[in-house]
Amino acid sequence: METGLDALRTDMDLVAEYQERVFARQVAVEHQHDGRFVSDRAFDNVAYVAEHTTNAAAMMNDQRFLDYMAWVSDGIVFFLRPHPSLLKGDGVRAGVSWDSVLRIDGMVKLMLEQHGVAYLPIESVSMQERVRAVEFVLRRCGLEAPAHRPEPRPRPELRLRPEARPTLPPEIRPSLPPEIRPSLPPEIRNAPGRAAPAPVLNAGVESWPYALVDHGDHEA
């Protein structure tokens with residue numbers, strides 16, 4: 001079905017046919033699923049039929065509509081209520097009127113009550129509170145969704161340029177223990193003019209405090 005938006009807004013017969021096809025497609029798509037599914041639309045387009053066409057009575061008295069309402073009542077229905085802060089144009093409709101939104105909302109609630117569909121009204125604008133309400137109901141129905149655990153992001157490797165690496169002054173550079181100090185080759189260690197290495201005090205804890213006594217010959 002191809003037609004312009006201007007024609008849909010002015011031709012009652014054309015817009016009635018369009019809404020009937022929208023409803024039939026909604027029913028067909030839902031029945032394609034054998035298991036559980038989520039749908040953000042249902043029979044709400046029938047409220048638009050009552051708002052913009054003249055065949056609302058014919059559609060609501062059709063057996064397809066009655067069967068569909070029984071199908072909806074077997075599911076879990078969340079009824080999201082409108083709020084002025086959420087009123088935004090979608091770029092398709094000619095305009096969005098708050099009064100029109102309230103009329104559609106009232107007709108949807110009337111059909112829910114008329115056909116005995118159990119539903120949970122959600123009036124909070126907070127998305128977090130809406131999610132919590134849905135999670136609460138689904139958990140009580142044994143339909144708890146698996147917890148979402150974000151995958152850890154790899155941390156970038158930090159590399160410093162040679163000129164940016166910090167260096168310690170000689171006086172505070174850590175000294176290595178004797179057992180891991182690098183040793184010099186004999187030809188360099190005994191080279192003429194090279195100062196003799198300082199004696200290493202090999203004292204254990206059991207020699208304290210005698211290891212600190214200087215036994216050298218000194219003049220008084």
Side-chain angles (χ1 to χ4, degrees), residues 1-3 5 8-9 14-53 55-148:
M1 181 178 181
E2 296 183 2
T3 186
L5 293 177
L8 283 176
R9 298 185 184 111
L14 191 59
V15 72
E17 181 184 357
Y18 173 79
Q19 292 292 356
E20 288 178 357
R21 293 193 180 189
V22 170
F23 177 76
R25 178 176 176 80
Q26 179 71 29
V27 175
V29 170
E30 290 189 13
H31 281 81
Q32 290 177 359
H33 298 276
D34 295 331
R36 304 186 183 103
F37 65 93
V38 178
S39 176
D40 62 341
R41 303 298 299 269
F43 56 89
D44 52 308
N45 86 292
V46 179
Y48 290 97
V49 171
E51 179 80 358
H52 301 290
T53 73
N55 67 327
M59 286 191 62
M60 284 189 269
N61 290 324
D62 191 288
Q63 188 61 40
R64 294 176 300 172
F65 177 74
L66 300 177
D67 294 341
Y68 179 72
M69 295 304 293
W71 161 273
V72 172
S73 63
D74 290 336
I76 303 174
V77 180
F78 300 95
F79 185 24
L80 302 181
R81 309 310 299 271
H83 192 273
S85 63
L86 303 177
L87 188 63
K88 296 181 181 180
D90 56 8
V92 177
R93 286 171 284 192
V96 181
S97 169
W98 177 243
D99 292 337
S100 176
V101 171
L102 293 179
R103 288 194 298 269
I104 298 297
D105 177 77
M107 285 186 281
V108 171
K109 181 176 180 179
L110 176 62
M111 286 185 283
L112 287 170
E113 296 290 345
Q114 182 180 4
H115 294 274
V117 179
Y119 61 93
L120 175 66
I122 299 180
E123 299 187 4
S124 175
V125 181
S126 170
M127 183 60 64
Q128 187 266 357
E129 293 181 358
R130 291 185 174 190
V131 171
R132 289 304 186 191
V134 173
E135 288 180 342
F136 178 83
V137 173
L138 295 182
R139 287 175 181 174
R140 292 301 182 271
C141 296
L143 302 175
E144 183 175 358
H148 174 68

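Values in this document were obtained by computation on a predicted structure and should not be read as measured data. Here, residue 1 is the first one in the sequence, and each next residue gets the next number.
Here the OG-CZ distance, from Ser124 to Arg81, works out to 13.5 Å after rounding to the nearest 0.5 Å. A distance of 12.0 Å separates CD1 of Ile104 from CG of Asp99, quoted to the nearest 0.5 Å. From Arg36, atom CZ reaches atom CD1 of Ile76 across 8.5 Å, with rounding to the nearest 0.5 Å. The structure places CZ of Arg132 at 13.5 Å from CD1 of Ile122, a figure rounded to the nearest 0.5 Å. Taking CD of Glu30 as the reference point, atom OH of Tyr68 lies at 3.5 Å (rounded to 0.5 Å). In this structure, Tyr18 OH and Thr53 OG1 are separated by 13.0 Å, a value rounded to the nearest 0.5 Å.
Using a 3.5 Å distance cut-off with no hydrogens or angles, the side chains of Gln19 and Asn55 do not pair a donor with an acceptor.
Side-chain contact between His83 and Leu86: present, with at least one pair of heavy atoms (C-beta onward) separated by less than 4.5 Å. Taking the side chain as every heavy atom from C-beta outward, Arg64 and Val27 never approach each other to under 4.5 Å.
Side chain of Gln26 to backbone of Arg41: a donor-acceptor contact under 3.5 angstrom is found. Distance alone, capped at 3.5 Å, is enough to place a donor-acceptor pair between the Asn61 side chain and the Ala57 backbone. Using modelled atom types, one side-chain atom of Asp44 and one backbone atom of Ala42 make a donor-acceptor pair closer than 3.5 Å. Between the side chain of His52 and the backbone N or O of Tyr48 there is no donor-acceptor pair closer than 3.5 Å.
Every pair passing ring pair (Phe, Tyr, Trp, His ring centres under 6.0 Å) that includes a residue from residues 116-144 is listed here, sequence neighbours excluded: Phe79-Tyr119.
Taking each heavy atom of Val46 and Phe23 in turn, the nearest pair found is CG2-CD1, 4.1 Å. Nearest heavy-atom pair across Ala50 and Ala56 is CA-CB, 3.7 Å. Closest of all the heavy-atom pairs between Val72 and Phe43 is CG1-CE2, 4.3 Å. For Leu102 against Pro82, the heavy-atom pair with the smallest separation is CD2-CG, 4.4 Å.
Checked for salt-bridge contact, Arg21 and Glu17 meet the test: a charged N lies under 4.0 Å from a carboxylate O.
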- [ ] Test side chain to side chain contact (heavy atoms under 4.5 Å, CB included) on Val77 and Leu120 and set out the steps.
- [x] CA-CA 6 Å; Val77 180; Leu120 175 66; over 6 Å; no
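Considering only residues two or more places apart in sequence or on other chains, Gln114 meets the side chain to side chain contact (heavy atoms under 4.5 Å, CB included) condition with none of them.
Note: His115 and Phe65 meet the aromatic proximity criterion, with ring centroids under 6.0 Å apart.
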